[in-house]
Trainee: 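Got a structure for you, questions after.
From a predicted model like this one, the values you see are computed outputs, not experimental measurements.
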Amino acid sequence: MPELPEVETIVRGLRKAVVGAQVEKLQVIDPHISLPEKEIIGKRIAAVERRGKYIILRLEPHGSLIFHLRMSGRLLRVCPPGEGKYSRLVLHLDTGVLRFINPRRLGTVEFSDNGFPHKLGLEPLGSAFTVRRLRGIVRHSRSPIKLVLMNQHKIAGLGNIYSAEALWRARIDPRRPANSLTAPETRALHTGIVEVLKDAINHMGTTFSDYRTADGDKGGFQEFLAVYGKTGEPCPRCGTEIERIKQGGRSTYLCPKCQI
DNA sequence: AGTAGGACCTGGTGGC
DNA sequence: TGCCACCAGGTCCTAC
């Protein structure tokens, strides 16, 4: 469920609380999870980082635990009453407990001893993500622009909500072939992406149902969505009814009048 | 190269 | 209450 802003919020919440903590015990509840206990028990957490939608707990002196929450996972330092039901892994730290909650079991956790093992595209909030680089990404594909934005090998961190919202901000129809975007449209899209992600981080992400911060709180950005999940409601810019369409098997929301 | 469909999993919701 | 269809912040794989 979480996209970049939600994962970033979780990472910031964890960072404050678990950096420097020592892992005392691993409680593996889901038999699908296999971790090398010897590499983890007794280690201290050196850092908490985000790459795309992955959460990385770096251990001292080497190794890391890498989580991906997929659709419904949570990583909770504070677990509200009754919400520990789908705990699949519990990390007992000398400063408290960290729960990996994963109701649909789509989320993953793995140990890596040699860096980050996944290939990902540009970080949209990194300094390398320039208009120029976005132009380079966009003009080599005839796929619909929304699918390009959601491709983690190209840009890492955008998912269904924020790609739809960024396209609305840039007034671009999500079905447009990526390589049909003009230079001004690409510039507007770059701005839309960066700003929607920053705005969402400032509100601790978007909570529909599952997502919680590491402290168990809901995000607040759902109040500020323009199109996502707003079928039939008026476009905040022009008042036209928001439409829902399907792309790549996922719902996309758009304003049929001001996204062209 | 693109795109559709299914697989992985489980739970919530709305219609009849 | 029961059953059914469809929905879900993700990603990977196969097949036209």
Trainee: Can you tell which of C/dG10, B/dG2, C/dA8 lies closest to the side chain of A/Ser141?
Mentor: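 Between C/dG10, B/dG2, C/dA8, the one nearest the side chain of A/Ser141 would be B/dG2.
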Trainee: Quote, to the nearest angstrom, the P distance that separates B/dA4 from C/dC7.
Mentor: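 Comparing P positions in B/dA4 and C/dC7 gives a spacing of 16 Å.
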Trainee: Within the structure shown, what part of the strands sits under 4.0 Å from A/Asp210 by heavy-atom distance: base, sugar-phosphate, or nothing?
Mentor: base
Trainee: Rounding to the closest angstrom, what is the interatomic distance between C/dC4 and B/dC9 at atom P?
Mentor: 23 Å
Trainee: Quick one: are the ring centres of A/Phe208 and A/Tyr228 less than 6.0 Å apart?
Mentor: yes
Trainee: With rounding to the closest Å, how many angstrom separate the P atoms on B/dG11 and C/dT11?
Mentor: 22 Å
Trainee: Is the shortest side-chain N/O distance from A/Gln152 to OP1 or OP2 of C/dT11 below 4.0 Å?
Mentor: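 For A/Gln152, the contact criterion (side-chain N or O under 4.0 Å from OP1 or OP2 of C/dT11) is met.
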Trainee: For A/Ser143, which contact category applies under a 4.0 Å heavy-atom criterion: base, sugar-phosphate, or nothing?
Mentor: sugar-phosphate
Trainee: Grab the CG-P distance between A/Leu69 and B/dC9 for me, whole Å please.
Mentor: 17 Å
Trainee: State which of C/dA8, B/dC9, C/dG10 makes the closest approach to the side chain of A/Tyr253.
Mentor: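 Within the option list, the nearest is C/dA8.
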Trainee: Answer with yes or no after comparing the ring centroid distance for A/Phe116 and A/Tyr54 against a 6.0 Å cut-off, counting only values under it.
Mentor: yes
Trainee: Does A/Arg105 pair with A/Asp30 as a salt bridge, N-O distance under 4.0 Å?
Mentor: yes
Trainee: Does A/Tyr86 put a side-chain nitrogen or oxygen below 4.0 Å from OP1 or OP2 of B/dC9?
Mentor: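 False: A/Tyr86 side-chain N/O out of range (4.0 Å or more) of B/dC9 OP1/OP2.
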Trainee: When the P atoms of B/dG6 and C/dC6 are compared, how many Å lie between them, rounded to an integer?
Mentor: 12 Å
Trainee: I want to confirm an ordering. Mapping A/Lys246 and A/Tyr54 to their closest nucleotides on DNA chain C, which one lands closer to the 5' end?
Mentor: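 Comparing both residues, the 5'-ward one is A/Lys246.
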Trainee: Counting the atoms with a prime plus P, OP1 and OP2 as sugar-phosphate, which does A/Ser72 contact under 4.0 Å by heavy atoms, base, sugar-phosphate, or nothing?
Mentor: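 A/Ser72: no heavy atom of the nucleic acid under 4.0 Å.
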Trainee: Using whole Å, what does the distance between atom P of nucleotide B/dA1 and atom CD1 of A/Ile137 come to?
Mentor: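 That distance rounds to 17 Å.
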Trainee: Measure CG/A/Leu120 against P/C/dG10 and give the value in whole Å, please.
Mentor: 14 Å
Trainee: Crowded around A/Arg176 CZ? As in, over 12 foreign heavy atoms under 6.0 Å?
Mentor: yes
Trainee: Report yes if a side-chain nitrogen or oxygen of A/Arg250 is closer than 4.0 Å to either non-bridging phosphate oxygen (OP1 or OP2) of B/dA4; otherwise report no.
Mentor: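 Looking at the OP1 and OP2 atoms of B/dA4, neither is under 4.0 Å from any side-chain N or O of A/Arg250.
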Trainee: Taking for each residue the nucleotide of DNA chain C bearing the nearest heavy atom, is the 5' side occupied by A/Glu3 or by A/His118?
Mentor: A/Glu3
Trainee: Looking at A/Arg105, does any N or O in its side chain come under 4.0 Å of the phosphate oxygens OP1/OP2 on B/dT10?
Mentor: yes
Trainee: If you measure from the P atom in B/dG5 to the same atom in C/dA8, how many Å do you get, rounded?
Mentor: 16 Å
Trainee: So which nucleotide from C/dA8, B/dT3, C/dG10 ends up closest to the side chain of A/Pro144?
Mentor: B/dT3
Trainee: For A/His153 and B/dG2, what is the distance between atoms NE2 and P respectively, to the nearest whole Å?
Mentor: 14 Å
Trainee: Counting any heavy atom closer than 4.0 Å, what does A/Ser209 reach on the DNA or RNA strands: base, sugar-phosphate only, or nothing?
Mentor: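 Base contact - A/Ser209 has a heavy atom under 4.0 Å of at least one base atom.
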Trainee: Would you mind reading off the distance between A/Leu147 atom CG and B/dT3 atom P, rounded to a whole angstrom?
Mentor: 7 Å
Trainee: Starting at CD1 of A/Ile155 and ending at C1' of C/dG10, how long is that distance when rounded to a whole Å?
Mentor: 17 Å
Trainee: Regarding A/Arg244, tell me which of base, sugar-phosphate or nothing describes its non-hydrogen contacts under 4.0 Å with the strands shown.
Mentor: sugar-phosphate
Trainee: Given A/Asp94, which partner from the list A/Arg44, A/Lys43, A/Lys25 fulfils the salt bridge (Lys or Arg N to Asp or Glu O under 4.0 Å) test?
Mentor: A/Arg44
Trainee: Out of C/dG10, C/dC12, C/dC7, which nucleotide sits closest to the side chain of A/Asn160?
Mentor: C/dG10
Trainee: Answer yes or no: is there a side-chain heavy-atom contact under 4.5 Å between A/Tyr162 and A/Leu4?
Mentor: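 No, side chains not in contact.
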Trainee: Separation of A/Met71 atom CE from C/dC6 atom C1', in whole Å?
Mentor: 13 Å
Trainee: Who is the Watson-Crick or G-U wobble partner of B/dC9, with both distances under 3.5 Å?
Mentor: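 B/dC9 is unpaired by these criteria.
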Trainee: Output, in order, the C-alpha distance, side-chain angles, deciding distance and verdict of side-chain hydrogen bond (donor to acceptor under 3.5 Å, both in side chains) for A/Asn179 and A/His140.
Mentor: CA-CA 6 Å; A/Asn179 64 1; A/His140 291 295; over 6 Å; no
Trainee: Give a yes/no answer on whether the side chain of A/His68 brings an N or O atom under 4.0 Å of OP1 or OP2 in C/dG10.
Mentor: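 It does not, given that no N or O in the side chain of A/His68 lies less than 4.0 Å from OP1 or OP2 of C/dG10.
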Trainee: Distance check: side-chain N/O of A/Lys85 vs OP1/OP2 of B/dT10, anything under 4.0 Å?
Mentor: no
Trainee: Of all the nucleotides listed (B/dG2, C/dC7, B/dC9), which has the minimum atom distance to the side chain of A/Arg142?
Mentor: B/dG2
Trainee: Whole-Å distance between C/dA8 P and A/Met150 CE?
Mentor: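 Checked: the CE to P distance equals 11 Å.
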